[in-house]
A.B. asks: 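Sharing a structure here in structure tokens format.
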There are 2 protein chains.
Amino acid sequence: MVTLKDVAREAGVSPKTVSRVVNDDPAVNVKTREAVSEIIQRMHYVPDHAARMMRMSHSSVVGVMTDAVATTPYSVDIIRGAQSGLREQARTMLIANTDGDPKQENEYWKVFRAHKVAGAVYATTYHRPVDLGAPDFERGIVLANCYSARRSHCSVVPDDEGGGYMQARHLIELGHRRIGIVSLSPVLRATVLRGAGYRTAFAESGLFYDPSLEVPGFVTRPDGGEDLVAYDASLGLLRRAESPTAIICGNDQIAVQVYAAAASLGLSVPEDLSVMGFDDMTIITHTLKPMLTSVALPYFEIGRTAVDLLARINGESEGPVPPQVLVPCPLVERHSCRQI
Amino acid sequence: MVTLKDVAREAGVSPKTVSRVVNDDPAVNVKTREAVSEIIQRMHYVPDHAARMMRMSHSSVVGVMTDAVATTPYSVDIIRGAQSGLREQARTMLIANTDGDPKQENEYWKVFRAHKVAGAVYATTYHRPVDLGAPDFERGIVLANCYSARRSHCSVVPDDEGGGYMQARHLIELGHRRIGIVSLSPVLRATVLRGAGYRTAFAESGLFYDPSLEVPGFVTRPDGGEDLVAYDASLGLLRRAESPTAIICGNDQIAVQVYAAAASLGLSVPEDLSVMGFDDMTIITHTLKPMLTSVALPYFEIGRTAVDLLARINGESEGPVPPQVLVPCPLVERHSCRQI
DNA sequence: GGGTGGATTGACATCGGTGTCACAACCTGG
DNA sequence: CCAGGTTGTGACACCGATGTCAATCCACCC
């Protein structure tokens, strides 16, 4: 390994001077700097992270702890977003996947401490409350896609209520008046929030919110798993005397089954029925025919915002540190909704 | 920060003895060990990774570099698999997402060097050849989901040929004789390999491979993007005089459109048409009605195998170091294929 | 000529662990 | 009772960087 001393010897200067060049200390003569830089290049010198970290007693690494961000495809974009932000901060990412096991979590908090990480992001697969307990970790923690019920850490979450509002309002603006809803499991926070959004949009336009037009697309089995029953649920909706002209779906998977149910009744999308998804999983939205209009979960932005917030908490960048940041869920228009 | 010395002072022993306890050195009296352990617990002492790494001049971190493992959902399982293996090795993971940009890659190879990572896994989104050039990195590198055309690094890749063989053979065993294929873009290595698999299965059973029954489900646009045209492609197949009784799909997205095309012709799956997917993306396979039989891409296993291989390269575990490991693609039976 | 001050540079201690080697205490057998 | 071995422990240097502070050089001014 090439060390600072090696470079110094080669350049005929002291190690400290090389250190100054490496760290862009302005108090170095231009000629010296150039000579040393040249030698650094030539010798492929890379400063030893461990030594630097030890001396400075903090590292340029941020820990990211997740329950199982891979389970829902695309929530992994939280990781990508975080990575993108960290790159700009010239930081790197130590990642820990705990499968939600508190024992593993504790272990990894220790690992983070051992690595003296500059802070941590705790990301979850679903938007939900978490209780971190009192992790053995003294640096800043930011929650991503989850929030602390006890408000003990600041959090970055998707604006599900706004997303629900967007879904409903877009359809209302297209002229729809009878709008069915095939929702996610009612225990999910997202379902509650989006429901609030629907109602706001309905109320704004003087529409009556008819509870019988909202049916669950997933049901919970006794064993805790979930069954997707959107096909039958939407069939029920579409067979009603006064059937809806549009259906809002709790996610894009539900939309797949709504398409199938409509097809089985000889209805075509969007001529006979407008369909609106949620999540904007391109693997589905681009695959359905016609391509599905959906409201996106801004995972990438959530990850990015989380690391930005972390930098603020650590005082490395300017700006306020709000206890919670809501990231908007943008509407992505494609071809499954039409004016009536 | 609590240091080794603090613990030593508190316990009335030398720092070296504490170090021995931390590292499970057997040459410590049981009573001493217990006393020291107790104090370590009480003081929440965590050994400083940086200091240890500096002294030992290697770290317990493995670098994982990816182009954009998040793009295809589930290929992120490579990361989960790697993590799972590393956990057993008591290692952690430094992750770098380069978006395939060689400049970023070079930057991150340096970061890996600076961190003295024990080795690196280079993972890609699609199964493809890569040319790493000569990265400025002296530790072991294992390729995951990609391979070196110049055989300069060892690799772990899915057995696409075997997967194609499984798809075809399963349908043949169910009695199908006219089998259509809606494939991926022909430029993909996966397409070529699976094609070989189909042919092997056909030949084994004395079936004639009819090229007119194979049509592409994706076409490449002039701008390099891909359009999913499986709907029309499969319509063409199904409208033929002697239409196929089963369709093999290049991936699960294609299967979605095959289902739709079949529905539009009044054909139902699997009664009138058996459909076989590839990739086993549960978000699709569990969503389609009936649920889709598919061949899984073993991303998790690929990630795990890659870090196991890395440990072998580094001599930390026993076993041979083959230049390439093929991970089988298992068939996952659901309800979209039936006996005829 | 001597003093002043800014610009550069270097000597040295230090961060928190671990390797090396010496040393004390305790056995064990002749 | 002592040589020789085993066991347990500690003193000390060192890994590779950086902070502190002092030294040196040079231009400039009175």
Side-chain angles (χ1 to χ4, degrees), chain A residues 1-37 39-40 43-61 90 92 110-118 138, chain B residues 1-37 39-40 43-61 90 92 110-118 138:
Chain A
M1 252 217 46
V2 185
T3 74
L4 205 91
K5 272 181 200 144
D6 300 329
V7 177
R9 198 173 322 113
E10 186 76 13
V13 298
S14 78
K16 181 69 221 196
T17 298
V18 180
S19 167
R20 288 196 175 99
V21 172
V22 170
N23 292 290
D24 281 326
D25 185 326
V28 180
N29 188 294
V30 180
K31 283 188 81 144
T32 316
R33 175 187 307 284
E34 277 170 7
V36 172
S37 296
I39 292 180
I40 287 175
M43 298 181 79
H44 290 268
Y45 168 69
V46 177
D48 184 307
H49 176 76
R52 172 177 272 174
M53 176 157 120
M54 188 163 101
R55 198 62 182 74
M56 318 225 289
S57 81
H58 75 263
S59 88
S60 60
V61 177
T92 45
K110 273 204 191 119
V111 171
F112 284 1
R113 273 225 292 162
H115 282 261
K116 289 207 183 93
V117 299
E138 61 279 357
Chain B
M1 254 217 45
V2 185
T3 73
L4 211 127
K5 274 178 197 145
D6 299 328
V7 176
R9 197 173 324 115
E10 185 77 13
V13 297
S14 78
K16 179 72 223 197
T17 299
V18 180
S19 167
R20 289 193 174 99
V21 172
V22 171
N23 292 290
D24 282 327
D25 185 327
V28 180
N29 188 297
V30 179
K31 283 189 82 148
T32 315
R33 174 188 308 285
E34 277 171 5
V36 172
S37 297
I39 291 180
I40 287 176
M43 297 181 79
H44 292 269
Y45 167 70
V46 177
D48 184 307
H49 176 76
R52 171 178 276 173
M53 175 157 120
M54 189 164 102
R55 197 63 180 77
M56 319 227 288
S57 80
H58 75 263
S59 88
S60 61
V61 179
T92 44
K110 274 204 191 119
V111 172
F112 284 1
R113 273 224 293 161
H115 281 261
K116 288 205 183 96
V117 299
E138 61 278 358

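Residue numbers begin at 1 in each chain, while the letters A, B, ... track the order of the sequences.
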A.B. asks: With sequence neighbours left out, write down each residue that passes side chain to side chain contact (heavy atoms under 4.5 Å, CB included) with A:Met1, or none if nothing qualifies.
C.D. replies: A:Asp48, B:Lys116

A.B. asks: Minimum heavy-atom separation for B:Pro15 to B:Leu4, with atom names?
C.D. replies: O-CD2, 2.7 Å

A.B. asks: So which heavy atom on B:Val22 is nearest to which on B:Pro47, and how close?
C.D. replies: CG1-CG, 3.9 Å

A.B. asks: Kindly compute the distance separating CE (B:Met53) from NE2 (A:His49), expressed to the nearest 0.5 Å.
C.D. replies: 5.5 Å

A.B. asks: What pairs with A:Arg52 under salt bridge (Lys or Arg N to Asp or Glu O under 4.0 Å), at least two apart in sequence or on another chain?
C.D. replies: none

A.B. asks: Considering the terminal five base pairs at each end of the helix from C:dG1-D:dC30 to C:dG30-D:dC1, what angle separates the two local helix axes, rounded to 10°?
C.D. replies: 60°

A.B. asks: Can you tell me how far apart CZ (B:Arg9) and CE (B:Met43) are? Round to the nearest 0.5 Å.
C.D. replies: 8.0 Å

A.B. asks: Can you list the steps and then say if A:Arg20 with A:Val28 is a side chain to side chain contact (heavy atoms under 4.5 Å, CB included)?
C.D. replies: CA-CA 7 Å; A:Arg20 288 196 175 99; A:Val28 180; 3.5 Å; yes

A.B. asks: Are OP1 or OP2 of D:dT9 and a side-chain N or O of B:Thr32 less than 4.0 angstrom apart?
C.D. replies: yes

A.B. asks: A:Lys31 NZ to C:dT9 P: how many Å, rounded?
C.D. replies: 12 Å

A.B. asks: Can you give one letter per nucleotide of nucleotides 23-28 of chain D, going 5' to 3': B for a protein heavy atom under 4.0 Å from the base, S for sugar-phosphate only, - for none?
C.D. replies: ------

A.B. asks: List for me each residue that meets side chain to side chain contact (heavy atoms under 4.5 Å, CB included) alongside B:Arg55, sequence neighbours excluded, and say none if there are none.
C.D. replies: none

A.B. asks: Might you point out which heavy atoms bring B:Ser14 and B:Ala8 nearest each other, and give the distance in Å?
C.D. replies: C-CB, 3.7 Å

A.B. asks: Where along nucleotides 14-21 of chain C does protein come under 4.0 Å, by heavy atom, of base (B) or sugar-phosphate alone (S), with - for untouched nucleotides?
C.D. replies: BBBBBBB-

A.B. asks: Please tell me if A:Thr17 has a side-chain N or O lying less than 4.0 Å from either OP1 or OP2 of C:dT8.
C.D. replies: no

A.B. asks: Write down the distance between CG (B:Asn29) and P (C:dA24), rounded to a whole number of angstrom.
C.D. replies: 19 Å

A.B. asks: Hey, what do you get for NZ (A:Lys110) to NE2 (B:His44), rounding to the nearest 0.5 Å?
C.D. replies: 8.5 Å

